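A quick write-up on the structure given underneath.
Each chain gets a letter, A, B and so on, in the order the sequences are listed, and its residues count up from 1. On a predicted model such as this, the values are computed, not experimentally measured, just so you know. The analysis underlying the following values was restricted to heavy atoms, covering all of them including side chains, and did not include hydrogens, waters or symmetry mates.
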2 protein chains.
Amino acid sequence: MATRTRRPERRENPLSRERIVGAAVELLDADGEGRLTFRALAERLATGPGAIYWHVANKSELLDAATDAVVADALAVAPATPVTPVTSAMPVTSVAPAMSAASTTTAESPRDGIRAVALALFDAIDAHPWLAAQLAAQLSRSPGQSVAPRIFESIGRQVSALEAPKSSWFTVTSALVHYILGAAGQNAANGRTLGPGADRGEFLDTTARAWEALDPDDYPFTRAVAVQIRDHDDREQFLAGIDLILNGVAAKPS
Amino acid sequence: MATRTRRPERRENPLSRERIVGAAVELLDADGEGRLTFRALAERLATGPGAIYWHVANKSELLDAATDAVVADALAVAPATPVTPVTSAMPVTSVAPAMSAASTTTAESPRDGIRAVALALFDAIDAHPWLAAQLAAQLSRSPGQSVAPRIFESIGRQVSALEAPKSSWFTVTSALVHYILGAAGQNAANGRTLGPGADRGEFLDTTARAWEALDPDDYPFTRAVAVQIRDHDDREQFLAGIDLILNGVAAKPS
DNA sequence: ACCTGAACACCGTTCAAGT
DNA sequence: ACCTGAACACCGTTCAAGT
């Protein structure tokens, strides 16, 4: 501790996969994926670009590792194991079961569980905007190759505890995951164009004004909803979309 | 075919923004965004890389132009103008109005209109997988700067003709657009990993088998829905998700 | 076992020079 | 007005050489 007067010695601070991934996440958060460079990374780690390749195979593996690290954290906050485990035989009715020995959190209704996981992902993507594209690309990988399939599993378990026919599980879970990734990614993109220092209320007001000034013939709808964007809460809006989908689960088609 | 003996003459085939964008779309479709290169593009157009910059400012403008061209086609097939125009005063009730002089297609219910636009986008993204990421990034742009806001408008108009409170329009439209882009992008990514020559049934069977072989403790849900992926139709599945959201629109929360 | 740093084969983009 | 092609400042990645 007190010996930390000199800058870190190589021996005390050797390169490691963890340090590399950590620095990568920092660069990603600060500058976005386009600016994550092996040379920039090497400089930050006080080494040469070649050294990184001893610990990481290539850039895409580095991106995967960064994604895994961040998402694993996010999913750890939300409970990975839901109230009701999937029983492979029959559609599960969502009669609240006896409290299970939940690992991290108190037991919740599946609906609240979905909200919790969704919000955890929303916040993670908000804090790390580059996550959205990364996760979307990873969803088609086989489980075990990345965290993205874990998200699918995590949402799906809660869906299986909903009172919905088993035949709808896949559709519902897919819809939820797509919505979550899409909406969270959008929010992150907005935040990015906004910039870190800017005023949110002012930004919303500006967009609302711009929407209201659109050509009535070309953009009647966008004009009509301009008011709604002016004073909406991002997370509330996001959760409203989740509820919309969940409401559709048991509803009969009109 | 048989006429393709000489290479095209310069004077008869001058460079133009249109030709460049067309060639870019071809490269994008064939090799993906990573392989769209000004040098490859120049070679395909029998010119130097510098020449392209006379017609296009930079790569991101080229990508935008390619996206615009492809999406404009897709939205032209689906009706851009819906049965019921947005009236800014009151929530519109979806009593079928008198047939309007629809520009391209016969009048439809808003629900069918949404399905049509969604399916057109699904097919476009299926044919041009690089579209998904491009559109997601463009959604946060102001209308007029890209086609993405037109998609929002196009879906939104139909939403406004649904029997839903006006206060929900923004949420519903956002949810739909996010789902459409997310699900279509996912499908395109799957098709990409599948490859052009492979057998779809065999591919689905392989994934289903892989899912069924997962650890029951870690992936109970994914295992449980493995059957459902085996013989599902992509477009049907996609539309089921749309219907799910639409069903949620008027449903009361449970 | 781990790190260095030069080198290779690329990129997007610019720009003097041509027609 | 439009095109050429060399050049600049980057990239990811490799690899002989060091410790």
Side-chain angles (χ1 to χ4, degrees), chain A residues 6-69 130 133-134 137-138 146, chain B residues 6-69 130 133-134 137-138 146:
Chain A
R6 292 285 101 191
R7 60 163 180 271
E9 287 296 312
R10 181 55 26 85
R11 285 292 93 89
E12 308 193 5
N13 212 357
L15 224 41
S16 70
R17 200 180 151 91
E18 273 173 21
R19 278 192 68 219
I20 292 172
V21 171
V25 170
E26 286 177 26
L27 278 181
L28 251 9
D29 290 350
D31 300 321
E33 182 178 340
R35 299 267 274 277
L36 172 61
T37 279
F38 274 75
R39 282 170 177 82
L41 201 52
E43 194 186 3
R44 197 185 192 87
L45 294 165
T47 181
I52 298 174
Y53 282 88
W54 181 260
H55 303 272
V56 166
N58 49 42
K59 191 172 182 176
S60 100
E61 191 191 291
L62 178 59
L63 248 9
D64 281 0
T67 304
D68 279 25
W130 48 273
Q134 207 59 28
Q138 283 189 9
S146 82
Chain B
R6 289 286 96 187
R7 60 165 174 272
E9 285 297 311
R10 180 56 28 83
R11 283 291 94 88
E12 308 194 4
N13 212 358
L15 222 45
S16 71
R17 199 181 152 91
E18 273 172 22
R19 278 191 68 218
I20 292 171
V21 171
V25 169
E26 285 177 26
L27 278 180
L28 251 8
D29 290 349
D31 301 319
E33 182 179 338
R35 298 267 273 277
L36 172 61
T37 279
F38 274 75
R39 282 170 178 80
L41 201 50
E43 193 186 5
R44 197 184 193 88
L45 293 165
T47 182
I52 299 174
Y53 282 89
W54 180 260
H55 303 271
V56 165
N58 50 43
K59 190 171 184 179
S60 101
E61 192 191 289
L62 178 59
L63 249 8
D64 281 0
T67 305
D68 278 25
W130 47 274
Q134 207 60 26
Q138 283 190 9
S146 82

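Under the 3.5 Å distance criterion, the side-chain polar atoms of B:S16 are matched with a main-chain donor or acceptor of B:R19.
Looking at the side chain of A:N58, the nearest of the listed nucleotides C:dC11, D:dC3, D:dT13 is D:dT13. Of the candidates C:dG12, C:dC3, D:dC2, C:dC3 carries the atom nearest the A:H55 side chain, counting heavy atoms from C-beta on. The side chain of B:R39 sits closest to C:dT13 out of C:dT13, C:dC3, D:dG12.
As rounded to whole Å, 13 Å separates atom P of D:dG5 from atom CD of B:E43. Atom-to-atom, CZ of B:F38 to P of D:dA9 comes out at 20 Å; the value is rounded to the nearest Å. The separation between A:K59 atom NZ and C:dC10 atom P is 18 Å, rounded to whole Å. Spacing between atom CG of B:L41 and atom C1' of C:dC11 amounts to 14 Å, rounded to whole angstrom units. In this structure, the CD1 atom of A:I52 is 13 Å from the P atom of D:dT14, given to the nearest Å. Per the geometry, CG belonging to B:L27 stands 11 Å off P belonging to C:dG12, to the nearest Å. The interatomic distance linking B:L15 (CG) with C:dT19 (P) rounds to 19 Å, in whole Å. When the P atom of C:dG12 is taken as reference, atom CZ of B:R35 falls 13 Å away, rounded to whole Å.
Taking all atoms of both residues into account, the shortest heavy-atom contact from A:R17 to A:H55 is NH1-O, 3.5 Å.
The shortest side-chain heavy-atom distance between A:L28 and A:L63 falls under the 4.5 Å cut-off. Taking 4.5 Å as the limit, some side-chain heavy atom of B:W130 sits within range of a side-chain heavy atom of B:V25.
Other residues, nucleotides and ligands contribute only 12 or fewer heavy atoms inside 6.0 Å of the CD atom of B:E43. Around the CD atom of A:E18, the shell of radius 6.0 Å holds no more than 12 heavy atoms that belong to other residues, nucleotides or ligands.
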Give DNA chain C the dot-bracket treatment, 5' to 3': Watson-Crick (N1-N3 with N6-O4 or O6-N4) or G-U (N1-O2, O6-N3) under 3.5 Å, [ ] crossing, | other strand. ||.|||||...|||||.||
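With sequence neighbours excluded, the residues satisfying side-chain hydrogen bond (donor to acceptor under 3.5 Å, both in side chains) with B:D64 are B:Q138, B:R141.
Contacts of A:L36 with the nucleic acid, taken as non-hydrogen atoms under 4.0 Å apart, involve only primed sugar atoms and P, OP1 or OP2.
The phosphate of D:dC2 has OP1 or OP2 within less than 4.0 Å of a side-chain N or O from B:W54.
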